[in-house]
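One structure below.
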Amino acid sequence: MTRKKSFSDRLADWLPRLVMAPSLLVILVGVYLFIAWTGWISLSSSRMVPQYDFVGLEQYYRLWATPRWHTAVANLFIFSALFLTVTIGVGLVMAILLDQNIRAEGALRAVYLYPMALSFIVTGTAWKWILNPDLGIQKVVNDLGWEGFVFNWITRPDFAIYTIVIAAVWQSSGFAMAIFLAGLRGIDNSVIKAAQIEGATLPRIYASIIVPMLRPAFLSVIVLLGYIAIKTFDLVLAMTNGGPGNATEMPSTFMFSATFRRNQMGVGAASAMMMLMTVAAIIIPYLYSELKESRNDH
Amino acid sequence: MTTERRSAARAQAIGRVFIYGSLLVLAAFYLMPLWVMIMTSAKSLDEIYGGSFIGLPQAVTFEAWAKAWSQACIGTSCTGLKPYFFNSIMMVVPAVVLSTGIGALNGYVLTKWRFRGSNLVFGLILFGCFLPFQAVILPMAQVLGRLGLSGSISGLVLVHTVYGIAFTTLFFRNYFVTIPDELTKAAQIDGAGFFRIFFSIMLPAALPIMVVSCIWQFTQIWNDFLFGVSFTAGETSPVTVALNNIVNVTMGRKQYNVDMAAAMIAALPTLVVYVIAGRYFVRGLTAGAVKG
């Protein structure tokens with residue numbers, strides 16, 4: 001008996017899609033339309049308020065002719081390179097140490113990870129205080145009797161960016177540790193046992209067998225830390241406010257001050273588009289491969 | 001033979017000492033900023049300027065905490081963090097509930113009611129997890145203005161809900177994928193409909209991921225600064241923005257003890273959540289990083 005489907009049946013068929021529709025709409029507008037909108041502003045002559053005219057790539061030329069933007073890009077490179085290597089190094093070492101049947105492993109793990117629960121504004125405030133040469137670490141060491149000790153990086157234009165690296169590593173290395181530890185726990189123990197029977201030492205086993213097996217974990221950590229590096233904003237603002245001068249300017253702080261403080265909305269939008277393109281170049285291939293893999297799982 | 005065994009045992013003991021030593025040094029490094037914040041917040045200003053920043057206070061005083069909570073000046077108004085702390089609560093509660101609820105429904109549809117193109121939809125949503133928000137602030141400011149929501153807590157609730165959907169959908173989708181489809185099939189045969197299955201089978205089963213989602217969203221939204229500073233001003237700001245304003249005051253003798261107490265107050269809610277439910281927080285971290 002082939003009767004036409006009743007209205008309620010058809011509604012039931014469409015229900016999943018109807019439930020999904022508002023979210024999809026919100027994401028299409030809030031993410032994709034807004035990105036296009038920002039792109040449009042970056043091609044207009046907007047300064048204090050958005051203008052919807054078209055001036056071609058003028059704002060991009062202006063952006064790349066700004067010395068301040070060059071500082072920001074250079075800083076992003078220095079910061080990302082150091083932040084990634086040190087965070088991955090520290091995270092991996094912590095994960096391997098914690099993987100040695102440690103008593104109180106849970107407590108130590110919690111200690112390494114708690115910075116991730118705090119806001120960058122809070123941790124930036126704390127580190128700014130610790131690194132303050134008049135009252136922080138420098139003073140403590142001076143008071144201990146070593147009077148020539150100088151640690152005033154945060155006030156020096158050529159070194160201030162490294163203090164941001166220190167705080168960022170402190171904040172994120174526990175996260176790298178968590179991912180590596182999950183990877184280590186996923187490795188089959190029999191591989192290690194076999195190597196031990198062959199007479200390999202523990203450091204050897206880690207260097208030549210276990211660490212290479214962590215490749216997927218490395219990939220995730222690199223991608224996510226890269227993303228964190230590009231959007232680092234609050235930490236810089238809280239620690240140095242982009243200074244001294246504009247020595248610690250980053251693309252994120254540049255975007256903010258161009259848009260909201262210096263009435264250069266077009267240039268700000270152009271810098272935001274540059275940030276977006278950098279993130280997309282890292283994230284889209286990663287998401288693509290992750291999604292493809294998870295589809296093959298079934 | 002015995003000497004050989006003894007030297008092997010000694011090497012192992014040295015190894016253990018090295019491992020524990022390194023772990024403890026690292027733990028000290030991680031705890032140092034928290035220690036310094038708490039110690040500094042319990043000192044008087046004279047002691048701070050006179051002594052070292054790392055030691056115990058000679059006389060413990062909670063004056064700085066009281067000041068940070070209800071007297072410190074933010075801009076021209078000297079109300080302390082209190083009103084801003086409540087702003088953050090008014091913002092975080094609805095935003096967490098809304099984004100988690102929507103994420104649960106999305107994850108349910110994407111795994112149990114797949115339709116043509118549902119993978120594409122998931123991919124489109126997933127990119128939102130990695131969106132650099134700078135790329136959407138300007139249009140969002142325009143839209144909030146037109147909706148009459150600029151500079152308001154409701155505006156921030158809307159923004160955090162919109163950009164929270166990406167993560168919550170990811171959480172629930174990865175969780176519901178592990179629940180056997182037979183369960184929903186059987187319920188359908190018994191005559192249960194779309195919402196019936198969701199509310200009486202899926203949601204009860206999803207309690208752990210719901211906790212993960214709530215904790216993750218709570219931390220993210222409470223700690224947000226960029227949206228707060230871009231879309232609000234003055235009295236409607238969340239606590240992170242107010243904290244930054246307290247700390248960056250440049251006039252007069254800097255009150256480091258008040259700064260540190262204020263930082264602790266702004267950090268306490270997420271710290272408490274982390275201490276109570278750290279396990280779920282970590283699961284959120286790793287679920288956001290790798291597929292479930």
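In what follows, every chain begins at residue 1, and chains take the letters A, B, ... in the order their sequences are listed. The model shown is predicted, which means the values in this text are computed figures rather than measured ones.
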- Which pair of heavy atoms, one from B/N106 and one from A/S23, lies closest together, and at what distance? ND2-OG, 3.0 Å
- Under 6.0 Å from the CZ atom of B/R16, do we count more than 12 heavy atoms belonging to anything else shown? yes
- Is it the side chain or the backbone of A/I27 that comes within 4.5 Å of chain B heavy atoms, both, or neither? side chain
- Query: Going by heavy atoms in the side chains, are B/I137 and A/T259 under 4.5 Å from each other?
  - Reply: no
- Item | Interchain contact, A/W127 with chain B, by part (heavy-atom threshold 4.5 Å) | side chain
- Message: Working to the nearest 0.5 angstrom, can you tell me the gap between B/F127 CZ and A/I283 CD1?
- Response: 7.5 Å
- Message: Under a 4.5 Å cutoff for heavy-atom pairs, which residue among A/M275, A/K231, A/Q171 has the most contacts with chain B?
- Response: A/M275
- Item | Which of B/L226, B/I125, B/L271 touches chain A most, by non-hydrogen pairs under 4.5 Å | B/L226
- Task: Examine distances only and state if a side-chain atom of B/Y163 and a backbone atom of A/V31 form a donor-acceptor pair shorter than 3.5 Å.
- Result: no
- Item | Approximate separation, where rounding is to 0.5 Å, of A/M20 CE and B/L110 CG | 4.0 Å
- Message: Give me the atom names and distance for the closest heavy-atom approach of B/P33 to A/I130.
- Response: CA-CD1, 3.7 Å
- Specify the closest pair of heavy atoms between B/P139 and A/F34, including all atoms of both residues, with the distance to one decimal. CG-O, 3.3 Å
- Message: Is A/N132 close to chain B through its backbone or its side chain, or both, or neither, when contacts mean heavy atoms under 4.5 Å?
- Response: side chain
- Atom of B/V109, atom of A/P16 and distance for their closest heavy-atom approach: CG1-O, 3.6 Å
- Item | Heavy-atom neighbours of B/R116 CZ exceed 12 at 6.0 Å | no
- Item | Modelled atom types, side-chain donor and acceptor of A/K128 and B/N248, under 3.5 Å | yes
- Message: Using only atom types and a distance under 3.5 Å, with no angle test, would you say the side chain of A/W129 pairs donor to acceptor with the backbone of B/M260?
- Response: no
- Side chain, backbone, both or neither: which part of A/V279 has an atom under 4.5 Å from a heavy atom of chain B? side chain
- Could you grab the distance from atom OH of A/Y32 to atom CG of B/L131, nearest 0.5 Å is fine? 8.5 Å
- By a 4.5 Å heavy-atom criterion (distance strictly below it), what part of A/I102 contacts chain B: side chain, backbone, both, or neither? both
- Message: Working to the nearest 0.5 angstrom, can you tell me the gap between A/M255 CE and B/S230 OG?
- Response: 7.5 Å
- Query: Do any N or O atoms from the side chain of A/T38 and from the backbone of B/A135 form a donor-acceptor pair under 3.5 angstrom?
  - Reply: yes
- Stepwise side chain to side chain donor-acceptor pair (under 3.5 Å) test for A/S119 and B/W222: CA-CA 8 Å; A/S119 99; B/W222 186 274; over 6 Å; no
- Task: May I ask you to test the B/V229-A/F260 pair for a side-chain heavy-atom distance under 4.5 Å?
- Result: no
- Item | Proximity breakdown for B/M140 and chain A, heavy-atom pairs closer than 4.5 Å | both
- Under 3.5 Å, is there a donor-acceptor pair between the side chain of B/Y30 and the main chain of A/G174? no
- Tell me, side chain or backbone of B/L138 under 4.5 Å from chain A's heavy atoms, or both, or neither? side chain
- Under 3.5 Å, side chain of B/Y20 to main-chain N/O of A/R103, donor-acceptor pair present? yes
- Message: If we define contacts as heavy-atom pairs under 4.5 Å, which of A/A107, A/A182, A/A110 has the most with chain B?
- Response: A/A110
- Message: Donor-acceptor pair, distance only, cut-off 3.5 Å: does the side chain of B/Y274 make one with the backbone of A/M116?
- Response: no
- Engaged part of B/Q142 at the chain A interface, taking heavy atoms whose separation is under 4.5 Å: side chain
- Query: Does A/Q51 CD have over 12 foreign heavy atoms under 6.0 Å away?
  - Reply: yes
- Note on the structure: When the 4.5 angstrom heavy-atom criterion is applied to B/V136 and chain A, the contacting part is both
- Note on the structure: If one checks every heavy atom of B/L34 against chain A at 4.5 Å, the contacting part turns out to be both
- Query: Who wins among A/P22, A/S173, A/P115, A/A280 for the most heavy-atom pairs under 4.5 Å with chain B?
  - Reply: A/S173
- Side chain from CB out, backbone as N, CA, C, O: work out which of these in B/T240 comes under 4.5 Å of a heavy atom of chain A, or both, or neither. both
- When only pairs under 4.5 Å are counted, which of B/D259, B/I215, B/L126, B/V275 shares the most heavy-atom pairs with chain A? B/L126
- Say whether, by atom type as modelled, one donor and one acceptor occur between the side chain of B/N223 and the main chain of A/A117 under 3.5 angstrom. yes
- Do you know which of B/L23, B/I165, B/V162 has the most heavy-atom pairs under 4.5 Å to chain A? B/L23
- Task: Select, from B/I102, B/T219, B/D224, B/N244, the one with the greatest count of heavy-atom pairs under 4.5 Å involving chain A.
- Result: B/N244
- What residue, out of B/V282, B/T40, B/V241, B/L24, has the most heavy-atom pairs lying under 4.5 Å from chain A? B/T40
- Message: Nearest 0.5 Å, please: how far is CZ in B/F281 from OH in A/Y114?
- Response: 12.5 Å
- Please look at A/L97 and chain B and tell me whether the side chain, the backbone, both or neither of the residue comes under 4.5 angstrom of a heavy atom of that chain. both
- Could you tell me which of A/F256, A/Y112, A/F233 has the largest number of non-hydrogen atom pairs under 4.5 Å with chain B? A/Y112
- Message: I need the minimum non-hydrogen distance between B/Q134 and A/A272, along with the two atoms involved.
- Response: O-CB, 3.5 Å
- Task: Give a yes or no answer on whether the side chain of B/T270 reaches the backbone of A/L118 with a donor-acceptor pair at less than 3.5 Å.
- Result: no
- Message: At a 4.5 Å cut-off on heavy atoms, which part of B/F122 comes close to chain A: side chain, backbone, both, or neither?
- Response: side chain
- Considering residues, nucleotides and ligands other than A/Y52, do more than 12 of their heavy atoms fall under 6.0 Å from its OH? yes
- Task: Output the distance between atom OG (B/S118) and atom CG (A/L24), rounded to the nearest 0.5 Å.
- Result: 11.5 Å
- Most heavy-atom pairs under 4.5 angstrom with chain B, which of A/V221, A/I137, A/T123? A/I137
- Is it the side chain or the backbone of A/I96 that comes within 4.5 Å of chain B heavy atoms, both, or neither? neither
- Sort B/Y256 into side chain, backbone, both or neither according to what part of it lies under 4.5 angstrom from a heavy atom of chain A. side chain
- Item | Which atoms of B/L124 approach chain A - backbone, side chain, both or neither, heavy atom under 4.5 Å | both
- Message: Is A/L202 in contact with chain B via its backbone, its side chain, both, or neither, using a 4.5 Å heavy-atom distance?
- Response: neither
- Item | Sub-6.0 Å ring centroid separation between A/Y227 and B/F130 | yes
- Message: Between A/M273 and chain B, with a heavy-atom cut-off of 4.5 Å, which part of the residue counts as in contact: side chain, backbone, both or neither?
- Response: neither
- Note on the structure: Checked A/I41, A/L108, A/V93, A/L113 vs chain B; the most non-hydrogen pairs under 4.5 Å come from A/L113
